[in-house]
Each structure stands twice: as C-alpha cells, then as structure tokens.
**Student:** 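Handing you this structure, nothing more for now.
Numbers restart at 1 for each chain; the letters A, B, ... are given by sequence-line order, proteins then strands. The structure presented is a predicted model; accordingly, all values stated were derived computationally and were not measured.
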2 protein chains.
Amino acid sequence: MDEGINEVFAADEEGVRDGAGRRPITLADVAREARVGESTVSRVLRSHGSFSEKTRARVEAAVARLGYVPNRIAGTLASTGSRLIGIVIPSLTNIVFPDLLRGATAALEQEGFQSVIAVTDYDQDREEAVVGSLLSWRPAGLIVTGLEHNPGTRRRLLASGVRVAELLDTDGPGLDIVVGYSNRAAGEASARHLAGRGYRRIGYIGHDLTKDRRAAKRYAGFRDALGEAGLALVGEERVASPSSVEAGRHGLESLLARVPDLDAAYFSNDDMALGGYFHCLAHGLAVPERLALFGYNGLDVGRLMPQPLATIRTPRVEAGATAARLLCAGGPAAVVDLGFELIEGATA
Amino acid sequence: MDEGINEVFAADEEGVRDGAGRRPITLADVAREARVGESTVSRVLRSHGSFSEKTRARVEAAVARLGYVPNRIAGTLASTGSRLIGIVIPSLTNIVFPDLLRGATAALEQEGFQSVIAVTDYDQDREEAVVGSLLSWRPAGLIVTGLEHNPGTRRRLLASGVRVAELLDTDGPGLDIVVGYSNRAAGEASARHLAGRGYRRIGYIGHDLTKDRRAAKRYAGFRDALGEAGLALVGEERVASPSSVEAGRHGLESLLARVPDLDAAYFSNDDMALGGYFHCLAHGLAVPERLALFGYNGLDVGRLMPQPLATIRTPRVEAGATAARLLCAGGPAAVVDLGFELIEGATA
DNA sequence: ATCCGGATTGGCAGCGCTGCCAAATCGATG
DNA sequence: CATCGATTTGGCAGCGCTGCCAATCCGGAT
C-alpha cells in the first residue's frame, strides 16, 4: 500500500547496527507516513497548538512504526530559546560538586531542561575556555561556581546576555543570580566555636588556596574571628595538591611535627579532616582531648565516624536545585543566602 | 565608514546585561565586518580549507571586534556528524561515577568532543528515557554503564545506529564497544583471598542488588568461589538503600547482632566497608584479628585509613578515558578488559 | 441551503551554519 | 603579454525543525 514504511531501513537491509547507508528518519518522513503536514506532526509531538484526537493517533502510530526520534539540534535552531543549561564546576574529585550537579540536574529535568557540564580543574583560564565553549551551544542559562572569574570570563558572560547563576559563595558582588552561603561567615563560626570551647593552640591544615577561593575566604574568616577572640593561629600547613584525605593526613602529621603542642586543627574541608582523624587514630592521639578536629562541608562520612566530626554542613544539593529553578523561572537578579549549619559533633 | 560595528549592540545602548533587544551576532555579521564571504569566515574559524594570512587576520579582528561566538547548534545541524558524546551513569552519589566522567570528559575534550551527561538513579526505565533524550541530540556516540538494559533501551540504541560503549562490566555480551573488567572475577578473587587467609565464618554486607547488577555479579562470584573453597556465607545483610558509609556501618552492626562469631565481612564496596570499619572502631573490635574487612573499588580513602583497607582497585578513570578514545577513533566493536588489582591492605 | 466562528491543518520561510562548486586571483612561465 | 595550474574566495542550497499565516473543515444558527 504505502511506501513510507519501506523507507525505514532504506538502502540497508543488513539489520542491526551499522546504519552506515541508512538515511535518518526525519519529521518529513513521519508526516508522509501519517499523511499529514509537517507542522501537524510538530504540533502533536510537542503537544502544542491544537489538533484532533484522530490526528494524534495517526501521528503517534507513524512515529512508532518508523522509530522516529526528533532532532533537537534542528528543533533548537529553529525555535528561539534553547532548553539547555550549562554547568561549570571546578572539580569532579570532591564530592561536593557532584552534589551540586545532582541538585541542579534533578530540578532542571523537572523543568524540561537538559544540562551540559564542564570542569575547570580550579583553573580560571580553563574556566574562560569552557564558558566560551558552553556559550556556543546557546544555552538558556549558565551555572558557574564561585564569584571569582577572570576578566575574559566576565566579559563573555556579560556580553552573551545569558542568565548566570553563581554558586556556593555570597561573599562578594555577583553578576546576576547568586545562590549559596558565606564562606567567610562559616570560617568565623568555626573559629568562634573552637575558641568558645577553650582551645588555644589552634592550627590550620589546608590545600591550595590560590585556586580554591572559597577555601581562602573561610581561612580569612577563621583567622579574623580568631583574632577577635584574642587568639592567633599557632601554625599552618598548606599542601600544594588539591584537597584530599591523603593531604589532610599528611598535612596534620607535618604540622604536628613542627607544632607538637597543638590542641585543635581546623581543616579546609571534611576530606582533609577525615585524613587528620585517621592520623590521630593511627598514632593514638585522643580526639578531642589531645587534639580537636574541625572540618567543613558536613559530608555523610563525617557523621558516621566513631566520633562524629565537628563541621559545618553546607546545602550543596539545595544550592544546585535553587539555582536551576531560578534560572528557569527567569526572574530578576537576586542573591539567595541558604545559610549553613554548624554541627558540633564530637571531635571538637 | 562602515556600519558593521554599530550593529554589535544594535537597538540596545544600555550596556551590560539584559540583551533583550540585542540581535545576536552571526557569522554573516562577521563576514560583513571583515568584508569577506561567509564561507571564508567559516573556513578561518575552523582552520579548515585554505585562506591567506591576510584574510585570517581580518576575520579574527572582526570576530574580536564584534565579540562573535559561533553557534554550534547551527554548525552541528549543517555539518554531518556531531561532536557530542552522551554519557549515562546510574548515580552521582558514589564517587566511582564522577571518576568515570573525569576520565571520559578529559579524553573527549582532547579529541574536540563535548559530553552531555545523564543520570539514571539505577533505574532501567529512567535509563531508557535518558537514552532517548540523549539520542535526540544526535550524538556521535553514547557511553552507558553496565551491560544490562531493558529491551526498549537496547532497541533504541541499536536502531539509532550510534556507536555505544558499555562500561565497568565485561560479564556478558555487549552491544558494541565494552570497556571494563569482570565483576564476577573480582568477587571470586575476594573470596579466594579471604579463604586463603584462613577466614571461615564469612558474611556479606551489601546494598540493593536488584538495581546494582554489577554488585550482584560480584556477590555471585564471591559466593561461588567460597563454595569451591568448601565454604559458605554464614550470614548476609542487605540494606534496601543505595550503598553508603551509613549503610555499611549499620549493616555490619545488624549482621553481627545476628551472627556474633563472624570472622570476616565482605562489603559490596569501599564506602560500605568504611562504614564497617567505623563500626569496629567504635565498638573496639580488633581488625583484622577479631573481624576482617574487605571492600571493592580501591578508593583513596581506604588507602589512608589507619589500617589500609583490603579491597580491589578498579580502573575507573582509565575505563572512561579508554571508552571515549575508542568511540572517537571509530574502530570496530571490541571488548577491552582492563582488569583489576587486589590490594591486600591490612584489614583482612 | 447559506453563513459564521472556532478548531484544525498545511505550506513555506527562515534559524545560522557548512559543503560544494564555480569564479576570481595570483605567480610563474613561454 | 597571454597562458596555465594552484590557491583563494564567494554564492548558495540545504541540514531538520518551528512559527506564522492562510486555507480548510466542522457544526450549529439563520
């Protein structure tokens, strides 16, 4: 009867895989198969505009028969706005960024958006490059991490006219939407907590602060609040590598070698603190009697340690989700401070 | 002189942000500004075909002056193959999948490809949906996790004619490219190791095996190899939740309540094992004398514990990178077994 | 039977770019 | 100064879809 269906595997009878010679099926093929116009097929597939029930059935039957998959590349080009959101994160090694992704992609999906992800390795030049690369997909919005960007990145972001959400930091001016919490205040809160508990010989173990600006802000806040309490860091150890359990363990070891009478250690994050805890366990240092430990992020693992880690819980998943929703909603520029929660734990 | 440059912020003098009225800059604008043809601009920007040095300079100047960002949506539609690879992973909560992403995106970027990521939450129906969604971007290839897919997913994958790489499992037939290692063999090796060390009352602590098929294969291999050694599991605990430190800690606690004389615990992965280790620490159970622990994945954290975790290191980053390279290379279907490495550690 | 308003439908011009092909240009040669 | 091959360039037809607009259809009112 109809030749349409024979076109499915046009010029390629060899079945599975190797569609080399197979012409891809387009909306026009579906229209021909269903004996309706192209725009009708388009309307039915997007449930947009009006069409009769009978037409819907015919189109859907044709789609099923041909195994048609709409081409979103073409769809996006033809329509005005894209349904894409670009997400730029510094790292995939630290679980906080997958957390952020998780919140964002879940919310995005609900709104019918797709996300494209790029990783900068904490390098601002790479950030500029990946922002350029993401912008070339003409996204409806961009989610980036932190407020610090090099001038090229800022220029591109601004010039593109694309909505931008900056995440996980509220200490400074934002470009558009800002969702997060104050890293500075988190550092301060940590210092006040340790000082209030009576610790006096406090040290810092951190990773590369020139790249991780948020960790640098926590460090600054911590130092300042310590100063206000009449205290000062009695020692610090910065490892050159990214944060890790290993860096925390070795960092604490080095610091203790130099400052044996340390009574509390503030770590740049929970991974580092976990490493420090392992060092204490391995060397029989009583926590927190001999040495108190304080982290940052509030990872699950800290809660499950024999002694729950004293730390600050940050709403990472929520930040991703909130940013995604705000971008989709298209409201005005805004700063959303989600706050953080100090967890007393048992290590400090 | 030339009106081109005045078009940059056409109809919008108010500067920064809110490009509402601003007409996006297209390749045609650049061509006009540089006083060359569109195809010349296209050639220069892609360094493809031939053009004089003088022309290159003029085009680049025009691009810089206008702040032009190529539109890859249009570029992809116009050219034949896309430079997109879709990546489907079950979860972002477990660090192994970000590891895989890391390897894949790094390799992909080097080859000039962009990746689009989707998460299934270990749900085969969601996998089918996200595969469909990714296919609508007409990717050059797809990276999926595992070999088990529901019939709809397989059909879509096959029908699309797109290259597919299935990762982290070699125990079964693949669709096209397969990169990973045998989970079954990993389970067997773990069992042989424990049996060889003289452990006799061995238990299993795992998460939801109906969803995580690879963990199920390790479990099966473990049981079988135990059987060959004349042993059997003396108890097992399956938590309904996804794997986590918490699940491991509570799982071991429950199991020990039921089987107090357990002498070794095999966990579905390192996160679970870490939880188990914490339980032992918290309750003063000597490891490995009173209870031996064995994990899976070879996470960094296991290596840094006071006693390094006995586990199996899996090449996750390498698997991602290898799959990406094979997809880009476009060679024939293949199975690449990257193997795994048993780490003796000190907990078993 | 005729007319009317709303529901439904099809045609077609782009979206911004690439790929093809023909035209123009250049430089060296006869 | 004409000629020829190689290099460089521009024009334009799509890629597959959406959005607009005009055409058609339908059922009830006149």
**Student:** Strictly below 4.0 Å, heavy-atom distances to any atom of DNA chain C: list the hits from residues 70-78 of chain B, or just say none.
**Tutor:** B:Pro70, B:Asn71, B:Ala74, B:Gly75, B:Ala78
**Student:** Who are the side-chain hydrogen bond (donor to acceptor under 3.5 Å, both in side chains) partners of A:Arg155, not counting sequence neighbours?
**Tutor:**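 In terms of side-chain hydrogen bond (donor to acceptor under 3.5 Å, both in side chains), with neighbours along the sequence ignored, A:Arg155 is linked to no residue.
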**Student:** Identify, between B:Ser50 and A:Val69, the residue whose nearest nucleotide on DNA chain D lies closer to the 5' end.
**Tutor:** B:Ser50
**Student:** Could you tell me whether a side-chain N or O of A:Ser79 sits under 3.5 Å from a main-chain N or O of A:Gly75, the two making a donor and an acceptor?
**Tutor:** yes
**Student:** Could I get the full list of side-chain contact (heavy atoms from CB on, under 4.5 Å) partners for A:Arg154, not counting sequence neighbours?
**Tutor:** A:His149, A:Leu175
**Student:** Only counting residues at least two apart or in another chain, list the ones meeting side-chain hydrogen bond (donor to acceptor under 3.5 Å, both in side chains) with A:Ser136.
**Tutor:** B:Arg72
**Student:** Restricting to side-chain contact (heavy atoms from CB on, under 4.5 Å), what partner residues turn up for A:Arg138, sequence neighbours left out?
**Tutor:**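 Residues passing side-chain contact (heavy atoms from CB on, under 4.5 Å) with A:Arg138: B:Val69, B:Asn71.
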**Student:** Return the set of residues passing side-chain hydrogen bond (donor to acceptor under 3.5 Å, both in side chains) with B:Thr153 (not counting sequence neighbours), or none when no residue passes.
**Tutor:** B:Asn150
**Student:** When the axes are fitted on five pairs at both termini, how much does the helix from C:dA1-D:dT30 to C:dG30-D:dC1 curve, in 10° steps?
**Tutor:** 60°
**Student:** Expressed in angstrom and rounded to an integer, what is the separation of A:Phe51 atom CZ from C:dG6 atom C1'?
**Tutor:**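 So the CZ-C1' distance, A:Phe51 to C:dG6, works out to 17 Å.
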**Student:** Hey, is A:Asp169 close enough to A:Arg213 for a salt bridge, meaning N to O under 4.0 Å?
**Tutor:** no
**Student:** From the 5' end of DNA chain D to its 3' end, which nucleotides mark the outer limits of contact with chain B, defined by a 4.0 Å heavy-atom distance cut-off (strictly under)?
**Tutor:**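 On DNA chain D, the outermost contacted nucleotides are D:dT8 to D:dG16.
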**Student:** Quick one: list whatever passes side-chain contact (heavy atoms from CB on, under 4.5 Å) with B:Ser52, sequence neighbours left out.
**Tutor:** B:Lys54, B:Thr55
**Student:** Which ones in residues 38-48 of chain B lie close to DNA chain D, meaning a heavy atom under 4.0 Å from one of its atoms?
**Tutor:** B:Ser39, B:Thr40, B:Arg43
**Student:** Would you call A:Lys211-A:Asp121 a salt bridge at under 4.0 Å N-O?
**Tutor:**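 Answer for the salt bridge query: no.
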**Student:** Is B:Arg56 positioned over the aromatic face of B:Phe51, cation under 6.0 angstrom from the ring centre and no more than 45 degrees off axis?
**Tutor:** no
**Student:** Taking only residues at least two apart or on different chains, which pairs with a member in residues 102-112 of chain B satisfy side chain to side chain donor-acceptor pair (under 3.5 Å)?
**Tutor:**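 Qualifying pairs, neighbours excluded: A:Arg126-B:Glu109, B:Asp99-B:Arg102.
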**Student:** The criterion is side-chain contact (heavy atoms from CB on, under 4.5 Å); which residues satisfy it with B:Ala28, sequence neighbours excluded?
**Tutor:** B:Thr26, B:Arg32, B:Glu38
**Student:** Testing the 3.5 Å rule here: is there a donor-acceptor pair between the side chains of B:Ser160 and B:Arg156?
**Tutor:**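 No - no donor-acceptor pair under 3.5 Å links their side chains.
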**Student:** Contact class for B:Thr80 vs. all strands (heavy atom < 4.0 Å): base, sugar-phosphate, or nothing?
**Tutor:**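 Here B:Thr80 touches no strand at all.
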